[in-house]
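Reviewing the structure listed below.
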Protein chains: 2
Amino acid sequence: MPAQQTASDATLQTRVLAQIRADIVACALLPNQRLTLETLRERYGAGFSPIREALMQLAAEGLVQLEQNKGFRVAGVSRESLYDLMQARIEIDGIALRWSIDNGGVDWEADLIAAFHRLSRHSKLRRSRPGKLSGEWAKEHRAFHHALVAACNSPTILAIRENLFDKAERYVALSILSKSPPRNDVAEHEQIMEAALARNVGRAIAASREHIQRTADKVAKSLENHFEFSKLPGSSVTARESRISLAG
Amino acid sequence: MPAQQTASDATLQTRVLAQIRADIVACALLPNQRLTLETLRERYGAGFSPIREALMQLAAEGLVQLEQNKGFRVAGVSRESLYDLMQARIEIDGIALRWSIDNGGVDWEADLIAAFHRLSRHSKLRRSRPGKLSGEWAKEHRAFHHALVAACNSPTILAIRENLFDKAERYVALSILSKSPPRNDVAEHEQIMEAALARNVGRAIAASREHIQRTADKVAKSLENHFEFSKLPGSSVTARESRISLAG
DNA sequence: GGTCAACGGATTTTCGAAAATCGTCTTGCG
DNA sequence: CGCAAGACGATTTTCGAAAATCCGTTGACC
C-alpha cells in the first residue's frame, strides 16, 4: 500500500483536481492569478487534458474563472463577493444545522463532541507555536463544522455547504497571508455545539450566524489593511496579475 | 450575423456543454443512460476533449455521474433525491424570494408582471394545443421564476437556485414523458406574485413552498405509475441502462 | 465441478501535436 | 501625424492516436 500522497484516488484528473483546489483554497495560487496551461503542466506533471478537465470542474464550482479563448484565472476576491458568500453561508449553514438538530442521534452527538475536542486542542497548539500548524487546524476546523451538520440528511444542501466552505476558507487563508493573526474563536464554536446538543435550534442558528459574521468582518478588515498584495512567497506572479481589488 | 443556433457562444466546448445540459434536462438523454464518448462524439460532432470537459462540468453540477474508469452516466433519479432536491429548492427559493422582496424596485415589479403575463398566455396555448409547445412553456416558466428572485442581489444564491431549477425541470420533463398531463398551476404562480408585489414575505414564501411541494408530489406520483420506462422515443437505450428506480 | 489466473475486447484516460484565436506590434497609406 | 490593415507571437482550443484500465470469458488446474 503506497501511502505517499494525501489524496490520490486513482485517475490523474482526480489527483490534479484535488491538488489545484487545495492550492487555490490555501492561496498557494493567488486570487486573480493567471493559470497558464503550460505552467500548470509543469507544476502538476500532467498533460493538457486532465488539467483542463480539472479546471473546468473548478470553474463550475466557482473557484476559477474562464474567459473565452483567454484561459483560466483563479477567481478574484472583493468585499462584495466576500459578504455575498458569507451571507449565503449563514443561510445555508442555518438550514443544514436546523435539519441536523432535527435528525441527529447519539452518534451525531458523539462525533460532534469528539470533533470539538480535537479542534480545541489544535487551537491551543496553534496559539503556542507559530503559524506552521494552520494546515492541521484548518482540517480540524473543517471537520468540526462538518460534524455540526453531518446529520442533516440532505446531500444537496451538504454539497452546497461544502462548496461555500471552500470559498470561505480561501478568504480566511488570504487573511492569514496578510499577517493578520488568527482570532481565538474556540468559545464561539463551543456555543454553537452546546446549543445544538441542547436541541435549541434558534440559539444554535443565531450562534452560527454570529460566528460567520464575525469571521467575515475580520477577513474584510484584514484585507483592507493590506491593499497591496504584490510579493507573496512562492509565486512569480506580477503585481498586475494578482492584485486584489476590494472595490469590485 | 449568423443567427443559426440557439446558444452558440463561441467555443465548441461551450456549445456542447449547453446542448448536453439541455438534452439531459429535457430527458432526451434519459436518467442513468450511459454516455459513451464515441456516441457523444457522433451526436454532437466534436472531439473527445470538448465533450469530456463539458461532462466534467456537468458532473460538478450534478447532472451526470462519473465513475472511475467507467465513464459517464446521466444522473439517476429516485424518490429520495427528488424530495431532497425539492426540499432544498423550497429553502433556497425562500431565501432568494425574501431578499428579492427586500431589494426589489419598480423595475423588478414590472419585469415580474410581464413575465407572469407571458406565462399565463403560454399556459393557455399549452392547454389548447397538444404537448408540442412544452418547450416554449418551460422557457416562460423558467423566466417567471427567475423574475421572482431576480432582485435578490446575491450571485451565490442565484447560481445555486439556477442549478436546482435545472434538476427540478428534469424531473418535470420525466413526468411529462410518462404521459402525465401537465397540471394547471397558473393560479399558484399568481398567488406567489401577488404576495411578492404586496411585499408580504411570509405569504410569498408559503405560496412558493406550496407550489414546489405540489410539483414534487405530482412528479413522484406520475413516476410511480410508470415503473417500467424501457422504450421511450428517440433513444437506443437498453432497458437495463435507463431503467428508473424509485427505490434508491 | 469449482476456483483462480490469464487473455481479449471495449472503453476510458492521457498525451502531444496541429489548428484556431486573441492581443500587440509593425507597417503602409491617407 | 493619425489610423487602419496585416502579420507575428503566445496561448488556448481541438483533435486523434497511444497507453492504461476494466469487465467478461476462456481455459487450466486443483
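In what follows, every heavy atom counts, from backbone to side chain, and hydrogens, waters and symmetry copies are set aside. Numbers restart at 1 for each chain; the letters A, B, ... are given by sequence-line order, proteins then strands.
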Atom pair CG/CD1 of L35(A) and I51(A) - distance to nearest 0.5 Å: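 Reported value, rounded in 0.5 Å steps: 10.0 Å.
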
Between the protein and nucleotides 11-14 of chain C, are there any N/O to N/O pairs under 3.5 Å, and if so, what are the atom names and distances?
from: dT11(C); atom 1: O3'; to: R34(B); atom 2: NH2; distance (Å): 3.2
from: dT12(C); atom 1: OP2; to: L37(B); atom 2: N; distance (Å): 3.4
from: dT13(C); atom 1: OP1; to: N69(B); atom 2: N; distance (Å): 2.7
from: dT13(C); atom 1: OP2; to: R52(B); atom 2: NH1; distance (Å): 2.8
from: dT13(C); atom 1: OP2; to: R52(B); atom 2: NH2; distance (Å): 3.4
from: dT14(C); atom 1: OP1; to: L12(A); atom 2: N; distance (Å): 2.3
from: dT14(C); atom 1: OP1; to: Q13(A); atom 2: N; distance (Å): 3.2

Given R21(B), R142(B), R161(B), the one that forms side chain to side chain donor-acceptor pair (under 3.5 Å) with D166(B):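 Only match with D166(B) under side chain to side chain donor-acceptor pair (under 3.5 Å): R142(B).
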
Short side-chain N/O contact to dG16(C) OP1/OP2 from R41(A), under 4.0 Å: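 So the side chain of R41(A) is within the cut-off, an N or O lying under 4.0 Å from OP1 or OP2 of dG16(C).
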
Polar side chain donor-acceptor pair, Y171(B) to S81(B), under 3.5 angstrom: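 Their side chains do contain a donor-acceptor pair, which is all the 3.5 Å distance test asks for.
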
Net bend of the helix from dG1(C)-dC30(D) to dG30(C)-dC1(D), end axes of five pairs each, nearest 10 degrees: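 The helix from dG1(C)-dC30(D) to dG30(C)-dC1(D) shows an end-to-end axis angle of 0°.
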
Euclidean distance, atom CD of residue E42(A) to atom P of dC15(C) [Å, nearest integer]: 14 Å

Side chains of L30(A) and V74(A) in contact at under 4.5 Å (non-hydrogen atoms):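 Contact flag for L30(A)/V74(A) side chains = no.
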
Check: Q13(A) and M56(B) side chains under 4.5 Å, non-hydrogen atoms: yes

Option among M86(A), Q87(A), E91(A) that satisfies the side-chain contact (heavy atoms from CB on, under 4.5 Å) test with I212(A): M86(A)

Geometric class of the H145(B)/H141(B) ring pair [parallel <30°, tilted 30-60°, perpendicular >60°]: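 Perpendicular.
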
NZ or CZ of R41(B) within 45° of F48(B) ring axis and under 6.0 Å: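 Yes, R41(B) lies over the aromatic ring of F48(B).
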
